[in-house]
Number of protein chains: 2
Amino acid sequence: MENTRPMTAAGRRILAAAEELFYTRGITAVGVDLIAERSGVTKRTLYNRFGSKDHLVAAYLTERDRRWRALVLAAVDARTDPVDKVTAPFDALRTWSAGNTRGCAFINALAELPDPSHPAHRIAADQKLWLRTLFEELATTAGCREPTTLATRLLVLHEGTLATQPLPLDTLSGSADLARALVRSGAPDTR
Amino acid sequence: MENTRPMTAAGRRILAAAEELFYTRGITAVGVDLIAERSGVTKRTLYNRFGSKDHLVAAYLTERDRRWRALVLAAVDARTDPVDKVTAPFDALRTWSAGNTRGCAFINALAELPDPSHPAHRIAADQKLWLRTLFEELATTAGCREPTTLATRLLVLHEGTLATQPLPLDTLSGSADLARALVRSGAPDTR
DNA sequence: GGCGAGGTATACAGATCAGTATACTTGTGA
DNA sequence: TCACAAGTATACTGATCTGTATACCTCGCC
């Protein structure tokens with residue numbers, strides 16, 4: 001909404017520091033003083049740029065969502081086969097997981113911010129619904145049967161893989177295999 | 001370890017209040033003063049019983065894990081068919097979700113407590129590994145092919161369903177259906 | 001009887017939190 | 001040139017946090 005305000009160099013540094021700290025240490029556990037110090041900026045500047053900690057949290061999630069969607073869309077573009085495109089978000093998940101071993105930032109944010117009116121809830125919900133819609137569109141293009149059901153199943157697989165990431169389990173490869181199997185069993189030329 | 005200490009009536013009230021507050025509002029956001037007030041107890045008593053907030057958090061997760069495992073095992077016992085037993089944890093998930101709409105307490109706890117040496121990490125990891133082992137044992141008993149692979153897939157499905165719970169999506173029924181389909185396709189009398 | 005465990009009541013220490021106040025500096029563009 | 005936007009520097013407010021200190025109460029049990 002008010003994100004049309006141009007971002008200054010200090011604002012970008014603040015946002016970068018907030019992304020790092022909020023994701024690795026948790027939102028409630030990180031204070032604005034620490035973010036200001038890490039970005040080489042005074043607290044006054046932080047408040048001039050973002051208004052409040054809640055707004056900074058919303059900006060953090062929005063920016064993270066933007067980067068993640070770009071990665072997913074790039075992974076889809078990198079595939080040529082329509083069936084491979086459906087499971088391309090799992091390719092992106094492998095890349096993404098390499099530098100993000102603390103699970104899903106949006107699920108984690110919801111865990112710390114129980115108030116449903118907090119902007120984080122809408123951002124997180126939008127992200128998941130966006131991925132579900134993407135799965136459905138790709139499945140439809142690939143000619144899969146029941147693309148809606150398939151999309152929900154792929155979303156659950158995706159989220160389950162992310163959720164188990166901080167645990168001492170390797171679920172990524174198995175989930176990607178299962179996702180491909182589900183898509184192939186629903187694709188028209190595999191039955 | 002030191003959980004052999006007998007629990008007093010005040011201790012039980014404290015633990016009950018902590019369970020409710022930690023789960024619904026988040027661990028970092030809830031102070032010990034609030035827990036003491038809610039359980040009708042002095043803060044001094046809380047510290048006499050649990051030593052520190054971190055120990056109380058560990059006790060909260062341990063108790064929650066105990067109740068959840070009992071529910072899962074009861075759901076398995078309620079089924080007679082060996083194939084139905086494999087997907088029984090998804091029956092339990094339906095019951096459990098009715099009163100727990102804030103996702104998985106263990107994933108949420110890891111989101112707020114990034115330090116891997118915190119007891120919450122071991123408790124959460126143990127819970128997931130326990131469920132995975134249970135899936136594998138039930139699948140083996142049911143005569144499923146590749147019970148290890150199947151168990152990991154069922155675990156990811158289970159966690160994905162829990163993780164998407166706070167979102168405006170209904171994933172439970174679809175996941176349970178997929179779980180049953182996976183088990184049936186691996187069971188000996190269905191191929 | 002008395003003693004000790006468990007609990008109450010209240011106050012406090014020391015740290016940290018989000019957010020504000022005041023005064024100064026610096027670069028840029030009209 | 002000069003006005004303005006962006007940022008620096010530092011101090012502060014009031015609230016809240018975990019954890020402790022001190023003094024008292026009240027049972028049950030040896």
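Every chain is numbered from 1, with letters handed out A, B, ... down the list of sequences.
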Participant: Specify whether B:Phe22 and B:Tyr60 have parallel, tilted or perpendicular ring planes, treating 30° as the upper limit for parallel and 60° as the lower limit for perpendicular.
Facilitator: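 Because their plane-to-plane angle lies in the 30° to 60° range, the rings of B:Phe22 and B:Tyr60 count as tilted.
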
Participant: Nearest 0.5 angstrom please: B:Glu19 CD to B:Glu63 CD, how far?
Facilitator: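 Here the interatomic distance stands at 5.0 Å.
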
Participant: Between A:Arg38 and A:Glu20, does at least one N-O distance fall below 4.0 Å, as a salt bridge requires?
Facilitator: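 The answer is no: the pair does not qualify as a salt bridge.
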
Participant: Rounded off to whole Å, could you give me the CD-to-P distance for the B:Glu112 and D:dC17 pair?
Facilitator: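 Computing the B:Glu112:CD to D:dC17:P distance gives 14 Å.
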
Participant: Rounding to a whole Å, what distance do you find between B:Leu46:CG and D:dG19:P?
Facilitator: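 Result: 10 Å.
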
Participant: Please state whether the base of C:dG19 and the side chain of A:Lys43 form at least one donor-acceptor pair under 3.5 Å?
Facilitator: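 Counting by modelled atom types and ignoring angles, a donor-acceptor contact under 3.5 Å is found here.
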
Participant: Regarding B:Arg180 and the six-membered ring of B:Phe90, is the cationic atom NZ or CZ under 6.0 Å from the ring centre and inside 45° of its axis?
Facilitator: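 No; the conditions do not both hold, so B:Arg180 does not lie above the ring face of B:Phe90.
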
Participant: Closest to the A:Lys53 side chain: C:dA9, D:dG19, C:dA18?
Facilitator: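 Given the options C:dA9, D:dG19, C:dA18, the side chain of A:Lys53 is closest to C:dA18.
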
Participant: Rounded to the nearest Å, what distance is computed from the OH atom of residue B:Tyr47 to the P atom of nucleotide D:dT22?
Facilitator: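 Atom-to-atom, B:Tyr47 to D:dT22, this comes out as 18 Å.
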
Participant: Which residues within residues 15-41 of chain A lie with some heavy atom under 4.0 Å of an atom in DNA chain D?
Facilitator: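 Going residue by residue through residues 15-41 of chain A, the ones with a heavy atom under 4.0 Å of DNA chain D turn out to be A:Gly40, A:Val41.
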
Participant: Between NE2 of A:His121 and CG of B:Leu167, what distance do you get to the nearest 0.5 Å?
Facilitator: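 If I round to the nearest 0.5 Å, the distance is 9.5 Å.
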
Participant: Just the rounded figure in Å: distance from P of C:dG6 to CZ of B:Arg12.
Facilitator: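 Rounded to whole Å, this separation is 13 Å.
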
Participant: Roughly, in whole Å, what's the span from CG in B:Leu113 to P in D:dT18?
Facilitator: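 Rounding to the nearest Å, CG of B:Leu113 and P of D:dT18 are 13 Å apart.
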
Participant: From the list D:dA9, C:dT8, D:dT20, which nucleotide is the closest neighbour of the side chain of B:Thr45?
Facilitator: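 Given the options D:dA9, C:dT8, D:dT20, the side chain of B:Thr45 is closest to C:dT8.
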
Participant: Can you tell which of D:dA9, C:dG7, D:dT18 lies closest to the side chain of B:Thr8?
Facilitator: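 Nearest nucleotide to the side chain: C:dG7.
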
Participant: Looking only at the side chain of A:Arg49 (C-beta and beyond, no hydrogens), which of the listed nucleotides D:dG7, C:dG19, C:dG7 gets closest?
Facilitator: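 Output: D:dG7.
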
Participant: Testing the basics here: between B:Leu113 and B:Ala120, what is the closest heavy-atom pair and its distance to 0.1 Å?
Facilitator: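 It is CD1-CB, 3.7 Å.
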
Participant: Please give, in whole Å, the distance from C:dG7 C1' to B:Phe50 CZ?
Facilitator: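 Checked: the CZ to C1' distance equals 14 Å.
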
Participant: Compare all side-chain heavy atoms of A:Met7 with those of A:Leu15 and state whether any distance is below 4.5 angstrom.
Facilitator: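 Contact flag for A:Met7/A:Leu15 side chains = yes.
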
Participant: Can you find a donor-acceptor N/O pair under 3.5 angstrom joining the side chain of B:Arg44 to the base of C:dA9?
Facilitator: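 Donor-acceptor pair under 3.5 Å: no.
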
